Amino acid sequence: MYKELITPDYIFEASWEVCNKVGGIYTVLSTRAAVLQEKHRDQLIFIGPDFWIDKENPLFEESDTLCVAWKKHAMQQEGLQVRVGRWNIPGQPIVILVDFKPFYQYKNELYTEMWNRYQVDSLHAYGDYDEASMFAIAAGKVVESFYRFNLTLQDKVIFQAHEWMTGMAALYLQITVPEIATIFTTHATSIGRSIAGNNKPLYDYLFAYNGDQMADELNMQSKHSIEKQTAHHVDCFTTVSNLTDNECKELLDKPADVVLMNGFEDDFVPKGNTFTGKRKRARSTLLHVARCLFGEDYSDEDTLLIGIGGRYEFKNKGIDVFLDAMGRLKRVGDLQKKVVAFVTVPAWVGEAREDLKARLNDKHQKYTEPLTMPFLTHWLKDMRHDCLLNMLRHVDIQNSPDDQVKVIFVPCYLDGKDGIVNKSYYDTVIGLDISVYPSYYEPWGYTPLESSAFHVPTITTDLTGFGLWVKSLRGTGSLLDGVKVIHRSDYNYHEVADEIEDTIAAFSTFSKKQVAEIRRGAAKIAEQALWKHFIVYYYEAYDIAFRNAQQRLLGNVSY
């Protein structure tokens, strides 16, 4: 690293998830914004797709006073359809939302230009490729327009593109405004995720995979192409963990220049008496759901509440191995407590169960018989083909009255109004005793990090960026430190299930004093992942981008 870093005067970031809450990238951007905003103020500008032209976006507050002259010029003189406002997150950074649909009419010409300049193969495009690429071009044109109207060569400007969906924006700007330094961040390689999702062994054979060949085999040519070419041509290529960096080396033929680990802000974690009260209420709710569903009593002291959540990627998120571990735990004869495991994974959900709602709302009746199908809080649209329900049958979890381990599937987003739990995800996870996220494919892993922030001991694997980072801190990744990191590979599924079972069985025997110490350890680990610790890597990336852009402008770089 250079002694004195070159820092930007303006930072533009484009992502499909700006003011568009889809997944983990939204968390990255929305939690990091306040740290950058504190230093760069309104010279930090996010660009997102405008899906909300005819309706209100609760995450976006439009402004009549921001960038007025430029907005008028962009719309009247350049035909850009933009709205300017602020993102309703801590820091409230400026956001420009752009309507990308008008660019479809130029799609073929734009793709031809990208092929001629960068050999980006759009010939095999399908699905969301066109939509994402038109947004990328629109985002690039917004930055180009803003730069030419407001800025000069003396302004040091960074443009950061997130994921393959905005890669074309970075390439477009290198053509049209080459003085802007470009950064491209892949949060997970498209081809790596596809290999894992197609049940092919990813890790043991990673060294032998050819990314281009696998893209052909998995019909991923266009997404892989834009991702690979952007990685090779931008001024600074980044990813989010050492785990994903290995993918980039092998599948994109390009290692990251900087690893930008995903931090977070803990302003959503309550403190003091508020924390204690929320945890107590969360446990009361979860235990009440269990009592009504199973028709039996569960006391706070004698029940271990376990949780797993996230997207419904059955193998990649480790839902399969978690359920297998619960089946094994059920057969353990000497468990010290009853176990209720909550799987909060949005599925093809129907309605909240009316029979369960009736029991939950009846404060006087004490039920002694379980409901039918006592493992679901909401009905599903397709019960027969649901992976999770089929796995419960496979591992013989029936939630019978004499079973010491039971599983409850909550197949919906916990947004506070699902009809059964009626609490947000954060207001639910705080009530758990232990959480389990045994992912097979997880470039970073916000769910175990967030769980740790709520003082909930967590089990994860070394196939997550977060798990690898924890091991680098502690060396062992023991549950006694607050986060247990299990070794996972392509072929040790059963060993992982056994280790989850053994860890939970041991945890059930710990004293209150031991548990309190473990909970403090989990919180300490989460504190080390705050953005104030990780933001330094972004400034390293900015510096590299500026220095490589200078060389590019001098014509000294060959790609």
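Note that the coordinates shown come from a computational prediction; the quantities given were computed from them, not determined experimentally.
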* Going by atom types only, do Ser145 and Trp70 share a side-chain donor-acceptor pair under 3.5 Å? ->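 The criterion, which ignores hydrogens and geometry beyond distance, is satisfied for Trp70 and Ser145.
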What are the two closest heavy atoms between [X] and [Y], and how far apart are they?
X	Y	result
Asp386	Ala347	OD1-CB, 4.4 Å
Leu463	Leu243	O-CD2, 3.0 Å
Lys278	Pro270	CD-CG, 4.0 Å

Under 3.5 Å donor-acceptor, [X] side chain and [Y] backbone:
X	Y	answer
Tyr118	Leu171	yes
Asn198	Lys200	no
Thr464	Gly467	yes
Ser451	Thr447	no
Ser439	Tyr441	no
His232	Leu252	yes
Asn422	Gly419	yes
Asp121	Gln221	no
Thr189	Cys248	no
Glu61	Asn88	no

Check ion pair [X]-[Y] (N to O, under 4.0 angstrom):
X	Y	answer
Asp212	Lys228	yes
Arg311	Glu442	no
Arg193	Glu227	no

Residue list, salt bridge (Lys or Arg N to Asp or Glu O under 4.0 Å) with [X], at least two apart or on another chain:
X	answer
Asp50	Arg83
Asp99	Lys101
Asp155	none

* **All pairs passing ring pair (Phe, Tyr, Trp, His ring centres under 6.0 Å) where residues 79-101 contributes a residue, at least two apart** =>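 Found Trp16-Phe100, Tyr26-Trp87, Phe46-Trp87.
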* Asked: Residues two or more places apart in sequence or in another chain: which of them pass side chain to side chain donor-acceptor pair (under 3.5 Å) with Tyr203?
  -> none
* The single option from Phe264, Tyr537, Tyr538 passing ring pair (Phe, Tyr, Trp, His ring centres under 6.0 Å) against Trp531 ->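 Looking at Phe264, Tyr537, Tyr538, the match for Trp531 under the ring pair (Phe, Tyr, Trp, His ring centres under 6.0 Å) is Tyr538.
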* Pairs touching residues 29-44 that satisfy salt bridge (Lys or Arg N to Asp or Glu O under 4.0 Å), sequence neighbours left out -> Glu13-Arg32, Asp42-Arg86
* Test Phe314 against Tyr440 for ring-ring contact (aromatic ring centres under 6.0 Å, His included), laying out the working first. => CA-CA 10 Å; Phe314 194 63; Tyr440 172 78; over 10 Å; no
* To do: Start with the C-alpha gap between Tyr129 and Tyr111, add the side-chain angles, then the distance that decides, and say whether ring-ring contact (aromatic ring centres under 6.0 Å, His included) holds.
  => CA-CA 11 Å; Tyr129 183 89; Tyr111 286 168; 5.8 Å; yes
* Asked: For Glu78, does the CD atom have more than 12 heavy-atom neighbours from other residues, nucleotides or ligands under 6.0 Å away?
  -> yes
